[in-house]
Structure formats: structure tokens, C-alpha cells
Amino acid sequence: MTRSRWIVLSLLTVLYIALRLPWIGHLITWDEAMNLLTVRSLVSHGQDYYSSWFWRHPPLVPVLMMLVKPLQVGFAERSELLMLGIGVLNLLALFVVTRQTVGLLPALWAAFFYAVMPAARFYDLWLKPDSPVVLFGILSILFYVRGRPLISGVLMGLAFLSKEMAVFYAGGLFLLWMIGGERREKGRELLLVAVVTVAVSAWWYFGFSTTLQYFTAFVTDSSTQETDVWQWARPWHYFLSRLPVDLGWTGVLLCLAGMITLWILYRKRQVEASALWAVKVLIVGYLLMSLSRGKGTWWNICLFPLLAVVQGIGAYGLILALRRLRETGNQVLTAGFQAALVTAAAVFVLNVYHTDYDAYLRLQDEPLWWGTTASRETAQVCNQLVNKEDRLLITPMYYWEDPKPKPCPIFVCYLNEVGVLVRPNDINVTNFVDAVRQYKIDWAMVSPLPGVGEKALIEPLMRDYGLQPILLRGGCIFKTDRLYQDASTE
């Protein structure tokens, strides 16, 4: 690769970082808050509402988060920088495998579109284990293509130790073998990859994971046990219909151009079967997600880099088309085509740069945005009112519909250090007052169920005890010290 190409790749890496750095310290969502709290709990040897979350997903990312000082201020921001670093490695791995399987120019374009993709910019900083899946999954495919099945298996095993979504990459690798030549010889290599993958990762799934049955039920809706799949039941085309939100319409059109270009190149034997690796992973990923009964908005995070590969091939195809236009001598048409490409690229970058984080979260998942911002707002108000020496009673937030209600992790992450007493959100006024008097509670943040819960708690507190609530979107705050002070003078 020439010096100029290295400079371009370096600039693309800088662009990738520059577009994400402003979002360090972003609004923390439920799963991110749970990951932060479970790592803190594990490091401090705590047993609380969040300690069991560590066993919910494979351990690689929580273990990495333990390295960035989880008990010190700024843990969330350091963890986001960790995710940013993994994202940079993803960009470089994406470039390397695309360069080897398709070509240099498509690889550079793929790196560009990954850097500026709206959804990738948004999710790359999320404190979830998807980014390492991308890194190890891509590298596993790279070493498989290079004929190194042992290393490929180790890397695929690490992908599975990051998150269950590694099955997308494993399935894509199988499809790649299906369409490749010399299937019998390659079959031995694929078997070795599978055996090593199982040896590296199976110990977690069958020895330590506490949610294997839950996730199976979540996907198939086949369990007789209580699950929350009903909250996440969405139509089969849910993820496909969200592509304009994830990529923008320009990105969708580039994906279509990439599919067409790849088909033409493969049909003309200008590329080998390995050039189809990204498409194969995408087919497996979107097929499995479409068949799943429950669908989390974030399930497709580990597929965004592969969509960038297809976009990069699409841009390469459009450049080839432009060269052919030049050969026809039609300067007007050629100039118009060039202007359209430049304008589309400029609009694409500007739209991504000016995107607001909270607004894009709302676009991705409005209920998640509402609950997340409501919990942050409630914690911020508590921080303004509650002093460090005060005692605060809190309840779970009713709007999360958690099968096992716990104090909202988002609220806990944003709450300043203060003594806390936890009570269920269906607490009645008698038990509430008894708790306040017994533990000398100065403030209370309650989030009862609308209707029956409010009648059982908020209305009696106002009517019988003269307490006035500070009403917020997700609950309300009471100044409660007078309850135990009045009782002590009786």
C-alpha cells in the first residue's frame, strides 16, 4: 500500500474518533447502567440488586471494564473510551479483511462509511459487549480465509465469550464454506474451527451462564416460565424497516449498489467467493433476527460494520460506473454524476456530525428514550435537593415493567452518594410512614403504578400527612423528615 493510502486510512481513523469523542459521557441506558453497576459490585465484592447481572452475558467485556478503575469517579467515561478503542480496532480489522477479499479502494470506502454511519457512531460507545464480537468475528473470518483454522477458531471462541450474537459470524462462516470451492478440504478446516470455538467458549454457556434458558425462550417464545418477551414482540421485518434510521437513505441506496456491484464482480470472476463474507454474515444475522419472537432494538449493533463493507463496495461500483461514463465522452453527464456523488457524501457527513445523541436515541427507540431521560431527570433533581448526610427512600420505577423490580440502574448511576433505603413501588402509605419513622428518612423518591398505586400512596400522603410532592415524569419526590420529627415529639 502506498504512502498516500496510509495517510487516507489514518485520516479515516481520525474521522472515526472525532465523530465519537463528543459523545463520551452520553446518556446511559438500562443495560449500560446495569453493566457499570455489576462490575462495581463484583470488584467491591458486593451482593446487591445488580451483582447477578455479571452472569447474564459472557464475561469478556465486564472483565475488560474491571481494568478501568470501576470504583473511582469517571468509570462510565473511561469505559466509553475503552469501547472507542475497540471500535478503532474494528475499523482497522474491517479495512484489512475487505482489502484482502475485495480490494484496496472498497476497503477504504468501507472504513469511511463505518466512520460516518449514524447508527455505528451512536452505538459504538454503548457499554455493551457487541463491539468485541465484531472484532473477533471479523478476525476469525480473516484467518479462515487465509487458511489458519486454529487461530480462526480461537478468535471465534473469543467472539462467543463476548456475546451470543457471535452466532451471526459463525453462521456467515458456514455459508462462506458452502459456496467456496474445494468444499471437502475446506470442510476439515471448518470442523477444526468449530471444535476450537466450542473448546474456547462452551465452558461459560454450560457452566456459568444463568440466562441460556431465558434467551432461548426470548427468541422462540416457547418457555412456560415467566419472561418479558411480550414487551419485545415485533414484526419479522422490524430490523429491515429500520435500515433508513440506521444508515440514512443514502446509506440504504449504497447498500443496494454494493449488492449489485458484488454480484457483477463475482459473476465475472473478478473476485473470489471470500469477497462475499460480509453479505453472508448479514444474511444469517438478519434472518435470525427476523425469525426471533422478541427483538431488542440494539441486536443489530454487530452488523453495522458489515453494512459499511457493502456500502464501500457500492461506492466502488459507482466509481467504476463513473469511469465508464468518462470513456463515453459525455462530459455533461459525467460532471452531473460527479456532483451528485460529492453532494451526497457531504450531506451524509454533515447530517451525522450535527446529530444530537438524545434525539437519535429517541429516533431509535422512543420508549427507551422516555424511560432513560425520566430516570436521569429524577436523579438530577434528587441531587439538587438531597444532602450527602440525608437519608433517601427510593422505589423501582414503574415504567420499566421489570419482571423482577429493582431500583432503576439509570437512576442509581446518576444519583450522588447518599444513604438509601429501598422499598417496593407498590408500598402503601402505612408501610411508607413506618419506614420513614423507623429509619429517619429525610427524602423519598417514589414511582408508584399510575392509578391504584397513586391512590394507595401519593393521595394519602397529601391528604392525611400534608406532604406536597415534587411531580416528575417518572415519579415524585417528597420531603419526609417532618414525619419522624413529629412522631418524636408526640
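In this structure, Tyr205 and Phe160 have perpendicular ring planes: the angle between them is above 60°, well past the 30° mark. Ring geometry for Tyr123 against Trp126 counts as perpendicular: the plane angle is over 60°, on a 0 to 90° scale with 30° as the lower cut. Using cut-offs of 30° and 60° for the angle between ring planes, the Trp30 and Trp400 rings count as tilted.
Put simply, the side chain of Val8 does not reach to within 4.5 Å of the side chain of Phe112, judged on heavy atoms. A heavy-atom distance below 4.5 Å is found between the side chains of Met397 and Thr378. Here the side chains of Asn300 and Leu307 are not in contact, with every heavy-atom distance at 4.5 Å or above. Looking only at side-chain heavy atoms (C-beta outward), Ile141 and Val281 come within less than 4.5 Å of each other. For the pair Leu457/Phe478, no side-chain contact is recorded, criterion being any heavy-atom separation below 4.5 Å from C-beta on. Inter-residue side-chain proximity for Ser375 and Tyr399 is flagged as met; some heavy-atom pair is nearer than 4.5 Å. In this structure the side chain of Cys476 reaches within 4.5 angstrom of the side chain of Ile458, judged on heavy atoms. The side-chain heavy atoms of Leu361 and Leu27, taken from C-beta on, include a pair separated by under 4.5 Å.
Judged by distance alone, the side chain of Thr261 and the main-chain N or O of Ala257 form a donor-acceptor pair under 3.5 Å. Side chain of Arg121 to backbone of Ala115: no donor-acceptor contact under 3.5 angstrom is found. Side chain of Ser140 to main chain of Phe136: no donor-acceptor pair is present (N/O by atom type, distance under 3.5 Å, no hydrogens or angles). With Gln311 contributing its side chain and Gly251 its backbone, the two residues share a donor-acceptor pair below 3.5 Å. For the pair Ser131 (side chain) and Met83 (backbone), a donor-acceptor distance under 3.5 Å is absent. Panel note: side chain Ser79, backbone Met65; no donor-acceptor pair is recorded below 3.5 Å. A donor-acceptor contact shorter than 3.5 Å is absent between the side chain of Asn428 and the backbone of Ala456. Counting only distance, with no hydrogens or angles, the side chain of Ser290 and the backbone of Tyr286 share a donor-acceptor pair below 3.5 Å.
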**Prompt:** Checking side-chain contact (heavy atoms from CB on, under 4.5 Å) for the pair Phe113/Leu247: CA distance, chi angles, key distance, verdict?
**Reply:** CA-CA 9 Å; Phe113 287 115; Leu247 311 179; over 6 Å; no

**Request:** Evaluate side-chain hydrogen bond (donor to acceptor under 3.5 Å, both in side chains) for Thr101 paired with Trp277, printing each intermediate quantity in order.
**Result:** CA-CA 8 Å; Thr101 56; Trp277 69 275; 3.3 Å; yes

**Asked** Where do Leu291 and Trp236 land on the side-chain contact (heavy atoms from CB on, under 4.5 Å) test, with the steps shown first?
**Response** CA-CA 6 Å; Leu291 293 175; Trp236 69 267; over 6 Å; no

**Request:** Could you give me the CA-CA distance, side-chain angles and deciding distance for Asp426 and Tyr398, then say whether side-chain contact (heavy atoms from CB on, under 4.5 Å) is met?
**Result:** CA-CA 9 Å; Asp426 60 354; Tyr398 77 87; over 6 Å; no

**Message:** What verdict does the side-chain hydrogen bond (donor to acceptor under 3.5 Å, both in side chains) test give for Trp53 and Asn35, after you've listed the backbone C-alpha separation in whole Å, the side-chain angles of each residue and the deciding distance to 0.1 Å?
**Reply:** CA-CA 7 Å; Trp53 187 269; Asn35 285 328; 3.0 Å; yes

**Verdict with supporting geometry, Leu256 and Met259, side-chain contact (heavy atoms from CB on, under 4.5 Å)** = CA-CA 5 Å; Leu256 293 176; Met259 292 289 190; 5.6 Å; no

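The salt bridge (Lys or Arg N to Asp or Glu O under 4.0 Å) contacts involving residues 28-44 comprise Asp31-Lys128, where partners must be two or more places apart or lie in separate chains.
Once rounded to the nearest 0.5 Å, the distance linking CG of Leu276 with CD1 of Ile313 reads 8.5 Å. Rounding to the nearest 0.5 angstrom, the gap separating the CG atom in Leu243 from the CH2 atom in Trp249 is 9.0 Å. From Ile477, atom CD1 reaches atom CD of Gln384 across 9.0 Å, with rounding to the nearest 0.5 Å. Taking CZ of Arg473 as the start and OG of Ser447 as the end, the distance is 12.0 Å to the nearest 0.5 Å. Atom CG in Leu155 sits 11.5 Å away from atom CG in Leu161 (nearest 0.5 Å). Remark: Cys382 SG to Leu415 CG distance equals 6.0 Å, nearest 0.5 Å.
A salt bridge links Arg234 to Asp365: at least one charged side-chain nitrogen sits closer than 4.0 Å to a carboxylate oxygen. Ion pairing between a basic and an acidic side chain is recognised when a charged N comes within 4.0 Å of a carboxylate O; Lys479 and Asp481 show such pairing. Using a 4.0 Å cut-off between charged side-chain N and carboxylate O, Arg376 and Asp358 make a salt bridge. Residues Glu459 and Lys455 are not paired through a salt bridge, judged by the lack of any N-O separation under 4.0 Å between the basic side chain and the carboxylate.
Residues Arg78 and Lys69 approach most closely at NH2-O, 2.6 Å, considering heavy atoms. Arg423 and Ala435 make their closest contact through NE-CB, 4.2 Å (heavy atoms, listed as atom of the first residue, atom of the second, distance). When all heavy atoms of Asp442 and Asp390 are compared, the closest pair comes out as OD2-CA, 3.4 Å. Minimum heavy-atom separation, Val133 to Ser162: CG2-CB, 3.7 Å. The shortest non-hydrogen separation linking Lys163 to Pro129 is CD-CG, 3.7 Å. For the residue pair Lys388 and Val418, the shortest heavy atom distance occurs at O-CG2, 4.2 Å.
Cation-pi geometry between Arg362 and Trp370 is not satisfied (NZ or CZ under 6.0 Å from the ring centre, within 45° of the ring normal).
Checked by atom type, the side-chain pair Tyr49/Ser41 shows no donor-acceptor distance below 3.5 Å. A side-chain donor from one of Arg242 and Gln364 sits under 3.5 Å from a side-chain acceptor of the other. A donor-acceptor contact closer than 3.5 angstrom is absent between the side chains of Ser209 and Arg56.
Each of Phe432, Trp443, Tyr439 was checked for a side chain to side chain contact (heavy atoms under 4.5 Å, CB included) with Leu393, and the lone residue meeting it is Phe432. The ring pair (Phe, Tyr, Trp, His ring centres under 6.0 Å) test with Tyr114 is passed by exactly one of Phe95, Tyr16, Phe304: Tyr16.
When ring centroids are compared, Tyr316 and Trp109 stay outside the 6.0 Å threshold.
The neighbour count for Gln468 CD, taken as heavy atoms of other residues, nucleotides or ligands under 6.0 Å away, is above 12. By the 6.0 Å contact criterion, NE2 on His237 is enclosed, its count of non-hydrogen atoms from other residues, nucleotides or ligands being greater than 12.
A search for salt bridge (Lys or Arg N to Asp or Glu O under 4.0 Å) contacts involving Arg20 returns Asp124, not counting sequence neighbours.
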